[in-house]
Chemist: 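What follows is a structure written as structure tokens; I'll ask about it next.
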Amino acid sequence: MKIESLDLPESVIRFYLDSGIEELYPPQAEAIEKGLLEGKNLLAAIPTASGKTLLAELAMLKAISNGGKALYIVPLRALASEKFDRFRTFSSVSVKGEGNGGLRVGISTGDFESRDEWLGSNDIIVATSEKTDSLLRNETSWMQEITTIVVDEVHLLDSANRGPTLEVTLTKLMKLNPGCQIIALSATVGNAYEIADWLKGKLVLSEWRPTRLQEGVYLNGNINFHGSQKRIEARSQDDAVNILLDTLEEGGQCLVFESSRKNSVSFAKRAGTKVAETLDKPTRKALDELVEEIIENGETEAANELAKCVRNGTAFHHAGLNSAHRRIVEDGFRANKIKVISSTPTLAAGLNLPARRVIIRSYRRYDPNYGMQPIPVLDYKQMAGRAGRPHLDPYGESVLIAKSYNEMTGLFDNYIDADAEDIWSKLGSENALRTHILSTIVNGFATTRDGLLEFIEATFFAHQNDTWGIMDVVDECLDFLRIHGMLEGEDTLLPTVLGRLVSTLYIDPLSGAYIVDGLKKAKAENITDMTLLHLICKTPDMRQLYMRASDYEVINDIIMARSDEFVEIPPRSKEVDYEWFMAEVKTALLVEDWINEKSLDQITKKFGVGEGDVHAFADIAEWLMHSTSRLAGLIAPEMAKDISSHVALLEKRIHYGASSDLIELVSIRGIGRVRARKLYDSGLKTVQAIKSSDIGTVSELIGPKTARKLFEELGLTSGLRPSGSGDGIKSETMSSLMEREQSTFSDFEK
DNA sequence: GGACGTACTTTCTAGACAGCATGTC
DNA sequence: CTAGAAAGTACGTCC
């Protein structure tokens, strides 16, 4: 089917022809035939890179040309910006007819909101599913103007964490805009028809790919495909390294999936010594530039390790990296400078980062309840599907590694030739229902118990199950919400002020209940930073740190020593709860270190986490401390004095990772925890003090460039040429390399 | 003395969304 | 109730 033949405005057709797209892929053509451009609902369950985005684009552009508005829902922030950037290239397309201006695109995620004064004035809005939920909870008016909804990666309905949110959000949207077109995009799953049926849509089901994908299993020096075999030369002890070197020889790049961060790092190191031998001069030079960039953007040991790998043309990638390092690795790989990325499943879904060959070094993942477990077929397909760059690689290959003939046949049967699992709604659990029942009632989608049941009947859960099975759980949730003062009334369900606040703060009602309870119990004379930090760390919305074997003794001692700082009496060390309690305290200690200005390097070593993790922990903690602050405002009369101001201060300190004395300096744009500390320790403790100092002094401390910016920021024009010296980067890097510091939590506390 | 080999023991375990109001080193 | 890979340790062998 030709693009030209489609019922679309001419400007749209010209746009695609100009970008070299003339012919639709078969699944796209099928979607058109099934009414994509006629407002029909649709579920496209097709492989990655088979043109799902284009399919969605066509529908959105068609809708906008008819005066509509589109919402594009994605599961990841990174994906949101990727789509946002893509859709912005439409700005030149005059879809809306002459004189109506160009197409406008907005983005809304937790950490990034479009600059547009009013998000709703855009024609396309890209948002994460949680943000969409939050916008609904805040009764955003333009939600009703949406005429087309695209849901990317709907198979996430199956996720226990985030599936229920997506499900309830879609149910609400369908209730709100009954005439709205829904286009759902999914990986190939077992029961795609069931999802399509729930969405009252037609199904486009296909395995078609633009680039051929060969899936094989490596055993004893050969990759075995269906009907063919490829010999791999043994250049080292390590099978995966040999497969990798073989790919490089053919001019391809490799993506290696590992089951843990540690393994991904160690593979990148190990492969590095061999990969380095294959690099030519220009590549080495390009890599050296990346190495410098990595060092500049890192304050930890991990940065040095990454730099060492990148110098050799390899890299690792996992959620512990900071965002700069992630970007450098991803871009370096796209530019074909970095030859291999050894990664945890971070790269399996989401970002568009294909490679010639994918090596899956472990198809098992650790589960605390069941030990090492084989990953789902769906996850395997996502990883294997990364192989083969459309238009660039002649083909893609994915390789599993087996140690025996039996294992190999097992892998063929259970992965390569297997169908992906069915998707199952996870809305039935108390955890999921508690929060979504509250939001449903707060938003007026249900005002009685019967109304609530009617709403639940419209969910995917009800589509798959009999709802009588969860009646008990629903009633338990309603009781919970009543007991904790978030809901009142028996026949009519009315949200209280607290209930509304909890819903709009986007926290779990259980978190809300813990916090309110803790605030009421806290006694003024015992309250420390730890009191409040531990309070938010025991909340189900907080992510918790693991307890390692060596931590037990230390954490135990800390709990004993600081026992009166907690709002509750710590459980006895023999009780099961004690295990949890220790993890909460350990997490609180990390945040405590962060706000006491411990360096990132120290924190990452002490707690065995990455820079990215520290920021992630701080991020959640800040959100929960903000929520605590708002809740404290609501129950102020029932609390000890001074708690409110303490909470507010902590919120700021977590945001900046700074002690109280730096709050004034740190709120200046361009000044963070590190620079503020330098200024403060040199006697420049306030904005006033800086204003009355001279730029030369400040330059000595934070560098001439930043100093100039700082003075501009404070409304002082900098007439003077800043004095001061050049960069200290080299010496700093050296010293951090030389330092032999403590490596575990216990070393630090002694 | 030291590089390497082997067998046994210990250790550790993926990812990432949200509020609010604008910017870290 | 359930795992398995890598890193660490202790000891042995060969040059």
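Basis for what follows: all heavy atoms, side chains included, without hydrogens, waters or symmetry-related copies. Chain letters run A, B, ... following the sequence lines, proteins first, then strands; residues in each count from 1.
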Chemist: Can you check whether A:Lys131 has a side-chain N or O nearer than 4.0 Å to OP1 or OP2 of B:dG19?
Modeler: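 The answer is yes; a side-chain N or O of A:Lys131 sits under 4.0 Å from OP1 or OP2.
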
Chemist: With a 3.5 Å cut-off and no angle check, do the side chains of A:Asp551 and A:Tyr546 form a donor-acceptor pair?
Modeler: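 The criterion, which ignores hydrogens and geometry beyond distance, is not satisfied for A:Tyr546 and A:Asp551.
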
Chemist: For residues A:Tyr656 and A:Glu597, is any side-chain donor paired with an opposing acceptor at under 3.5 Å?
Modeler: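 A:Tyr656 vs A:Glu597: no donor-acceptor pair found between side chains.
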
Chemist: Rounded to whole angstrom, note down the C1' distance from C:dA5 over to B:dA14.
Modeler: 16 Å

Chemist: Side chains of A:Glu130 and A:Thr165: is there a donor and an acceptor less than 3.5 Å apart?
Modeler: no

Chemist: Just name whichever nucleotide pairs with B:dC17, Watson-Crick or G-U, keeping both distances under 3.5 Å, else none.
Modeler: none

Chemist: On the nucleotide B:dG19, are OP1 or OP2 found under 4.0 Å from the side-chain N or O atoms that A:Ser627 carries?
Modeler: no

Chemist: When you compare the side chains of A:Tyr680 and A:Glu664, does any donor N or O come within less than 3.5 Å of an acceptor on the partner?
Modeler: no

Chemist: Give the residues of residues 613-626 of chain A touching DNA chain B, defined as any heavy atom closer than 4.0 Å, sorted by residue number.
Modeler: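 Of all residues in residues 613-626 of chain A, the ones placing a heavy atom under 4.0 Å from DNA chain B are A:Asp619, A:Ile620, A:Glu622, A:Trp623, A:His626.
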
Chemist: Can you tell me if the side-chain N/O atoms of A:Thr165 get under 4.0 Å from OP1 or OP2 in B:dC17?
Modeler: no

Chemist: Would you please confirm or rule out a distance under 4.0 Å between OP1 or OP2 of B:dA14 and any side-chain N or O of A:Arg365?
Modeler: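 For B:dA14, neither OP1 nor OP2 has a side-chain N or O of A:Arg365 closer than 4.0 Å.
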
Chemist: Check whether any side-chain heavy atom of A:Val442 lies under 4.5 Å from a side-chain heavy atom of A:Arg137, and answer yes or no.
Modeler: no

Chemist: Test your reading of the model: is there a side-chain donor-acceptor pair from A:Lys131 to the backbone of A:Gly110, 3.5 Å cut-off?
Modeler: no

Chemist: Could you give the start and end, 5' to 3', of the contact zone on DNA chain C for chain A, using atoms under 4.0 Å from its heavy atoms?
Modeler: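 Listing 5' to 3', DNA chain C meets chain A from C:dT2 to C:dA7.
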
Chemist: Please tell me if A:Arg137 has a side-chain N or O lying less than 4.0 Å from either OP1 or OP2 of B:dA18.
Modeler: no

Chemist: Ignoring backbone atoms, test whether A:Arg669 places a side-chain nitrogen or oxygen under 4.0 Å from the OP1 or OP2 oxygen of B:dG23.
Modeler: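 Yes, A:Arg669 has a side-chain N/O under 4.0 Å of OP1/OP2 on B:dG23.
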
Chemist: Convert the base pairs of DNA chain C into dot-bracket notation, remembering that pairs crossing earlier ones are written with [ ] and that bases paired across to another strand are shown as |; include only Watson-Crick or G-U pairs under 3.5 Å.
Modeler: ..|||||||||||||

Chemist: Are a donor atom and an acceptor atom from the side chains of A:Asp111 and A:Thr109 found within less than 3.5 Å of each other?
Modeler: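 Yes, A:Thr109 and A:Asp111 have a side-chain donor paired with an acceptor closer than 3.5 Å.
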
Chemist: Taking pairing as Watson-Crick or G-U wobble with both contacts under 3.5 Å, can you name the mate of B:dT22, or confirm there isn't one?
Modeler: none

Chemist: Going by the angle between their ring planes, with limits at 30° and 60°, are A:Tyr380 and A:Tyr415 parallel, tilted or perpendicular?
Modeler: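 Geometry flag for A:Tyr415 against A:Tyr380: tilted rings.
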
Chemist: Is the phosphate of B:dA18, meaning OP1 or OP2, less than 4.0 Å from a side-chain N or O of A:Arg543?
Modeler: no

